[in-house]
Novice: 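Before we start, here is the structure in question, set down as structure tokens.
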Amino acid sequence: TSVRSAHTATLLNDGRVLITGGVSGGLSVNSVEVYDPVSDSFTALTGTLTSVRSEHTATLLNDGRVLITGGFNGAVFVDSAEVYDPASDSFTALTSTLTSIRSDHTATLLDNSTVLITGGVNGGASVNTIEFFY
């Protein structure tokens, strides 16, 4: 329902697609919507990301939740992370943060349920570190 870029779209286990954050109207946003392919419709969630972010990652975890990391909030690059729970359609900020502030990075779920986070940028500088979220 929102025009946006630099967002994420994550296929959930139930077939819906979670669309988070991004840039809309020139501003980074914390809005969230879900696309339902059965009804071919978008629904804005009442809950929002705990942080405004674009250029972030969203990784589907083995338990069906989605880990959202890093990004840019329109003013600064962020080191925060949060988790979306599709059972409650809610977001929870994590107390642990990324060890490197980054956006435009990758996040890959490994076989042991760990998420490997690599690369990205922080301001004009490339980030050459990796880290793991458990």
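Residue numbers count from 1 along this sequence.
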Novice: May I have all residue pairs that pass ring pair (Phe, Tyr, Trp, His ring centres under 6.0 Å) and include part of residues 106-134, sequence neighbours excluded?
Specialist: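 Residue pairs with at least one partner in residues 106-134: there are none.
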Novice: Side-chain contact test, heavy atoms from C-beta onward, threshold under 4.5 Å: evaluate it for I117 versus T69 and give yes or no.
Specialist: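 The answer is yes, as the side chains (C-beta and beyond) meet within the 4.5 Å cut-off.
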Novice: Is there a continuous path of hydrophobic side-chain contacts, each under 4.5 Å between heavy atoms, that joins I101 to F72?
Specialist: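 Yes, it is one cluster - the side chains of I101 and F72 are joined through contacts under 4.5 Å.
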Novice: Which heavy atom of S28 sits nearest to which heavy atom of G74, and what is that distance?
Specialist: OG-N, 3.4 Å
Novice: Can you give me every donor-acceptor pair (side chain of residues 17-24, partner residue at least two apart or in another chain, under 3.5 Å) with its distance?
Specialist:
from : atom 1 : to  : atom 2 : distance (Å)
T20  : OG1    : T8  : OG1    : 2.4
T20  : OG1    : H56 : NE2    : 3.0
S24  : OG     : V3  : O      : 2.8

Novice: Do any N or O atoms from the side chain of R53 and from the backbone of S80 form a donor-acceptor pair under 3.5 angstrom?
Specialist: yes
Novice: List in chain and number order the residues that pass side chain to side chain donor-acceptor pair (under 3.5 Å) with N112, two or more places apart in sequence or in another chain; answer none if no residue qualifies.
Specialist: T114
Novice: Got a sec, which pairs hit salt bridge (charged side-chain N to carboxylate O under 4.0 Å, His left out) with one end in residues 70-81, sequence neighbours left out?
Specialist: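 Counting only pairs at least two positions apart or across chains, no salt bridge (charged side-chain N to carboxylate O under 4.0 Å, His left out) contact touches residues 70-81.
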Novice: Without hydrogens or angle criteria, can the side chains of S31 and S2 be said to hold a donor-acceptor pair below 3.5 Å?
Specialist: no
Novice: With sequence neighbours excluded, tell me which residues meet side chain to side chain contact (heavy atoms under 4.5 Å, CB included) with T99.
Specialist: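 Once residues adjacent in sequence are excluded, the partners of T99 under the side chain to side chain contact (heavy atoms under 4.5 Å, CB included) criterion are E131.
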Novice: Could you tell me whether a side-chain N or O of N73 sits under 3.5 Å from a main-chain N or O of V76, the two making a donor and an acceptor?
Specialist: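 Between the backbone of V76 and the side chain of N73 there is a qualifying donor-acceptor contact (under 3.5 Å).
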Novice: Of all residues at least two apart in sequence or in a different chain, which pass the side chain to side chain contact (heavy atoms under 4.5 Å, CB included) check with D104?
Specialist: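 In terms of side chain to side chain contact (heavy atoms under 4.5 Å, CB included), with neighbours along the sequence ignored, D104 is linked to E55, V121.
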Novice: Could I get the full list of side chain to side chain donor-acceptor pair (under 3.5 Å) partners for T10, not counting sequence neighbours?
Specialist: none
Novice: Within the 3.5 Å criterion, strictly below it, is a donor on S54 or R4 matched to an acceptor on the partner's side chain?
Specialist: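 No - no donor-acceptor pair under 3.5 Å links their side chains.
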Novice: How would you list all residue pairs meeting ring pair (Phe, Tyr, Trp, His ring centres under 6.0 Å) that involve residues 103-131, not counting sequence neighbours?
Specialist: none
Novice: Give the table of side-chain donor-acceptor pairs shorter than 3.5 Å for residues 88-96, with sequence neighbours excluded, one pair per line with atom names and distance.
Specialist:
from : atom 1 : to  : atom 2 : distance (Å)
S88  : OG     : S90 : OG     : 2.5
D89  : OD1    : Y84 : OH     : 2.3

Novice: In chain order, what residues pass the side chain to side chain contact (heavy atoms under 4.5 Å, CB included) check against D63, with sequence neighbours excluded?
Specialist: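 Here the qualifying residues are L61, R65.
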Novice: If the condition is side chain to side chain contact (heavy atoms under 4.5 Å, CB included), which residues does D40 pass it with, not counting sequence neighbours?
Specialist: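 For D40, the residues satisfying side chain to side chain contact (heavy atoms under 4.5 Å, CB included) (neighbours in sequence not counted) are Y35.
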Novice: As a quick check of understanding, evaluate side chain to side chain contact (heavy atoms under 4.5 Å, CB included) for T129 and R102, giving each step before the final call.
Specialist: CA-CA 10 Å; T129 60; R102 61 180 85 219; 2.7 Å; yes
Novice: Distance from N122 atom CG to F77 atom CZ, nearest 0.5 Å?
Specialist: 6.0 Å
Novice: Please tell me if the side chains of L109 and L60 come closer than 4.5 Å, counting only heavy atoms from C-beta onward.
Specialist: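 Result no, sub-4.5 Å side-chain heavy-atom pair not found.
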Novice: Can you hop from V115 to V83 via hydrophobic side chains spaced under 4.5 Å?
Specialist: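 Yes, it is one cluster - the side chains of V115 and V83 are joined through contacts under 4.5 Å.
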Novice: Return each pair, listed once, that meets salt bridge (charged side-chain N to carboxylate O under 4.0 Å, His left out) where at least one residue sits in residues 21-30; pairs must be two or more places apart or across chains.
Specialist: none
Novice: Determine the minimum heavy-atom distance between V127 and S100, stating which atoms define it.
Specialist: CG1-CB, 4.0 Å
Novice: Nearest heavy-atom pair of S113 and N62: which atoms, and what distance?
Specialist: OG-ND2, 2.7 Å
